[in-house]
Structure formats: C-alpha cells, structure tokens
Amino acid sequence: MPELPEVETTLRGIAPHIVGRTVRKVVVRERRLRWPISRTLQSAVRGQPISAASRRAKYLLLTTPAGTIVIHLGMSGSLRIVPADTPPQAHDHLDIVFDNGRCLRLRDPRRFGAVLWTVRDPMTHARLRDLGPEPLSDALSGDYLLARSRGRRLAVKQFIMDSHVVVGVGNIYASEALYLARIHPKCAAGRITRQRYTQLADAIKAVLGKAIGFGGTTLRDFTNSDGRPGYFRNQLCVYDRAGEPCEQCGTQIRKIQQGQRATYYCSKCQH
DNA sequence: CCGGACGCCTGTCGGC
DNA sequence: TGCCGACAGGCGTCCG
C-alpha cells in the first residue's frame, strides 16, 4: 500500500503524538509479520522515551535512548493514534502504549509489514544499509540516474522502483513520474539520455512532493494516523485510469504488466 | 552482477 | 446467491 508520500503522511501524523512521550508498555497480538517481531521488543522499549520520529525510505524510525523501533507498512499496513482502551479490531497486531493513555496501533491485514528493533545505528541495519538515496534530496539527479543506469537493460519503470537505485518510488508514482517525464515505461534504462533522466528526476520529485501535500493516495484502504484517506487519487494522471482519455492528447490510457505489476501510460505522449 | 519469477498473506471485486 | 480466480500501494529470495 504505502509509498513514500503515504509513509511521510503517517510520520507527520504520529510524530506530534509520540515524540517526548514515554512508553508504558508494548502489546504484541501477532508477531508473525514479514519477519517475526523480536521477543525482546517489549522489555527493551518499556519505560523508554521516544526522542525522535523520522523516516528513511519507506521505513519509520522511532528513536529511544536504548535503541530504535523500525516500522515498515508493507502493502496494507497503517498506524493510528487511538485511546489505549480502544478495543482492537482484526489485524491490529501491535500497540505501543504511552504515558498519556493513548497508543500507537499498527494494523496490517496482509502482514507484509515489519516491526524491527535494533540497538545499533539503524542506518547500518541490513534492511537499511544498501538503500539508494532519498528522492526528495539533491542526491537524486539526472546525472545520478544516468550513472546508475548505464549498461542496464531493465525497463526504466522497474529501474526507478528498485530501492537500491532510489527509494520511495512505488507502483503508483512510478507510472505517474514516467507520464510527467513523457518516458515510455518499457524503455531500457541504459538507453535513456542524460536530458531525459534530468526530466525524470524532476518528475519524481514533483509527483512525490505534490502527493505529500495531498496526504498521499488512497486507492482502497490507506488511512493516515487520524483514520482519514489521502486525496492525491484525484490528481493521478494515469494510474488506475485504463481506458480513460489522456488529459494531454485524449488517447486512451493503457494498462500493461511489467514484472507482475500493473503499469499505466499514454502510448502517444510517452516514448 | 543482472534480470525475471515466485512467495509471503488477506480482502475485495468481477464474471460465470 | 455463491463460488473462484484475478488482483492489490512491497520486497526478499532464488535461480539461470
């Protein structure tokens, strides 16, 4: 479910409620997520203050003096701030209960998400250390994409969705960025020019930045920390719009499969 | 190293 | 109405 804008929206929603609060207890109802939740999490985090909440790629990092809680929302995860006595519903796997009577509650029906605990520098964690640059930083540029793509025959859509290349670009925003940059999603990554990669880097920044401003995209079940949806869906130019006219040229938007994922594009505008 | 396929899970939706 | 396959916002792993 969540790509970078949805994770960033979640971060901005939860941070004011948890930073500076102390953890009273951690309740684990289901430890079988993408990786099992560590049995040491509860005792390690109890009594710890949350000193910071941040994001790296699609991972949320909750910093304490004793270590860092690393949360990934997978395809169907969401976090909410609720009164600690709110009865849990199906797939509410984890509560981090704070000293003000509220808790951070993780719901994840498909259990592709993860909750990790590390006492080391989280950036050296195996899940984080090999990630590419943040898309909204200066490290993502046309020159960077050009350098990383030389010699690669992979389709550009799959190239920009590779978190070792650049993080945070998921299936929705990959199609949207390629549409904005007018690049065909099946174009081989290694055959794209510097100028077009500059346009693509700009398009990635533009679409992610704008989506954050709208609170992310809700296709089915994404909710922010207040339980409300994101409103970027109305701004999508191609994703989930197969058969609808391209707003630039009127051609019907096409849907194809690339690497088991749906891709949407305009066959007239994108080459 | 690279690229492609598969698997992990549950819920929903469309077609028959 | 009910069943059944397809598909869904991610990503690690395996294999050639």
Side-chain angles (χ1 to χ4, degrees), chain A residues 1-10 29-37 55-60 70-79 89-94 106-116 125-132 135 147-178 185-191 204 207-208 211-212 214-224 229-236 238-243 255-264:
Chain A
M1 150 182 30
E3 302 182 41
L4 187 142
E6 292 75 39
V7 178
E8 181 66 24
T9 296
T10 298
R29 298 185 196 84
E30 174 60 79
R31 31 184 285 114
R32 297 172 302 166
L33 303 186
R34 182 71 172 82
W35 296 281
I37 298 177
R55 176 187 62 72
R56 170 72 174 112
K58 298 173 190 168
Y59 293 90
L60 292 164
V70 179
I71 301 175
H72 196 288
L73 298 175
M75 285 282 266
S76 59
S78 60
L79 288 168
Q89 297 185 22
H91 312 301
D92 285 346
H93 305 313
L94 175 85
L106 173 69
R107 177 176 301 174
D108 186 3
R110 294 178 72 180
R111 289 191 276 123
F112 290 173
V115 178
L116 308 170
H125 192 281
R127 300 273 73 81
L128 301 182
R129 69 183 175 212
D130 297 324
L131 294 172
R148 289 297 304 269
S149 63
R150 290 308 90 177
R152 299 200 58 179
R153 293 145 91 143
L154 187 72
V156 62
K157 195 249 193 173
Q158 287 153 289
F159 175 69
I160 61 171
M161 287 181 68
D162 181 348
S163 63
H164 298 98
V165 174
V166 58
V167 301
V169 182
N171 206 39
I172 296 177
Y173 302 110
S175 283
E176 294 297 311
L178 289 165
K186 292 180 84 169
C187 190
R191 298 185 55 218
I204 289 170
V207 70
L208 294 179
I212 291 169
F214 278 81
T217 299
T218 297
L219 289 178
R220 291 162 196 82
D221 52 10
F222 170 72
T223 58
N224 66 17
Y231 297 102
F232 193 69
R233 185 173 192 179
N234 308 93
Q235 309 296 315
L236 296 176
V238 290
Y239 190 88
D240 207 24
R241 295 195 180 282
K255 178 183 184 180
I256 60 172
Q257 291 293 124
Q258 287 185 283
Q260 342 284 86
R261 314 297 298 278
T263 300
Y264 299 84

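None of these values were measured; they are calculated from a predicted model. By convention in this document, chain letters (A, B, ...) are assigned in the order of the sequence lines, proteins followed by strands, and residues within each chain are numbered from 1.
- Side-chain N/O atoms of A:Lys58 include one lying less than 4.0 angstrom from OP1 or OP2 on C:dC11.
- Checked by distance alone, A:Arg110 brings no side-chain donor or acceptor within 3.5 Å of a matching partner on the base of C:dG10.
- Side-chain N/O atoms of A:His72 include one lying less than 4.0 angstrom from OP1 or OP2 on C:dC11.
- Annotation: A:Tyr231 is not in aromatic contact with A:Phe214 [ring centroid separation under 6.0 Å not met].
- Checked by atom type and distance alone, the side chain of A:Asn224 never pairs as donor or acceptor with a backbone atom of A:Gly230 at under 3.5 Å.
- With hydrogens and angles disregarded, no donor-acceptor distance shorter than 3.5 Å links the side chain of A:Ser175 to the backbone of A:Tyr239.
- Per the geometry, CD1 belonging to A:Ile172 stands 12 Å off C1' belonging to C:dG10, to the nearest Å.
- Residue A:Arg111 is classed as a sugar-phosphate contact, given heavy-atom separations below 4.0 Å to backbone atoms only.
- Within 4.0 Å (heavy atoms only), A:Phe232 reaches no atom of the nucleic acid at all.
- One distance of note links OG1 of A:Thr217 with CZ of A:Phe222; it measures 9.0 Å at 0.5 Å rounding.
- When rounded to the nearest whole Å, the span between CE of A:Met75 and P of B:dT10 equals 14 Å.
- In this structure, the CD1 atom of A:Ile160 is 12 Å from the P atom of C:dG10, given to the nearest Å.
- Residue A:Arg261 is in base contact, counting any heavy-atom pair closer than 4.0 Å across all strands shown.
- Nucleotide C:dA8 holds its C1' atom 10 Å from the CG atom of A:Asp240, rounded to whole Å.
- Of all nucleotides listed (C:dG12, B:dG4, C:dG9), B:dG4 comes nearest to the side chain of A:Leu154.
- Distance, A:Phe222 CZ to C:dG10 P: 13 Å, rounded to whole Å.
- Under a 3.5 Å cut-off, the side chain of A:Arg241 and the backbone N or O of A:Tyr264 do not form any donor-acceptor pair.
- Pair check for C:dC14 finds B:dG4; Watson-Crick or G-U wobble, both atom distances under 3.5 Å.
- Put simply, CG on A:Asp108 is 18 Å from P on C:dA8, counting in whole angstrom units.
- In this entry C:dC4 has B:dG14 as its Watson-Crick or G-U wobble partner, both defining distances falling under 3.5 Å.
- Annotation: A:Arg191, atom CZ; neighbour count of heavy atoms from other residues, nucleotides and ligands within 6.0 Å does not exceed 12.
- In this structure, of C:dG12, B:dC6, C:dG10, it is C:dG10 that holds the atom nearest to the side chain of A:Phe112.
- Using a 4.0 Å heavy-atom cutoff across all strands shown, A:Gly259 reaches no nucleic acid atom at all.
- Taking atom C1' in both B:dT12 and C:dC11, one finds a spacing of 22 Å when rounded to whole Å.
- Between A:His72 and A:Tyr59, the ring planes lie perpendicular to each other; the angle is over 60°, past the 30° to 60° tilted range.
- Contacts of A:Ser163 with the nucleic acid, taken as non-hydrogen atoms under 4.0 Å apart, are absent.
- Rounded to whole Å, the P atom of C:dA6 lies 13 Å from the corresponding atom of B:dC6.
- Taking atom CG of A:Leu33 as the reference point, atom C1' of C:dG12 lies 15 Å away to the nearest angstrom.
- Which of B:dC6, C:dA8, B:dC2 sits closest to the side chain of A:Arg152 comes down to B:dC2.
- Contact annotation for A:Leu219: base contact, defined as any heavy-atom pair under 4.0 Å involving a base atom.
- Which of C:dA8, C:dG12, B:dG3 sits closest to the side chain of A:Trp35 comes down to C:dG12.
- One finds a side-chain N or O of A:Lys255 lying less than 4.0 angstrom from the OP1 or OP2 phosphate oxygen of C:dA8.
- Here B:dT10 is the nucleotide among C:dC11, B:dT10, C:dG9 with the atom lying nearest to any side-chain atom of A:His91.
- Atom CG in A:Leu208 sits roughly 16 Å away from atom P in C:dG9 (whole-Å rounding).
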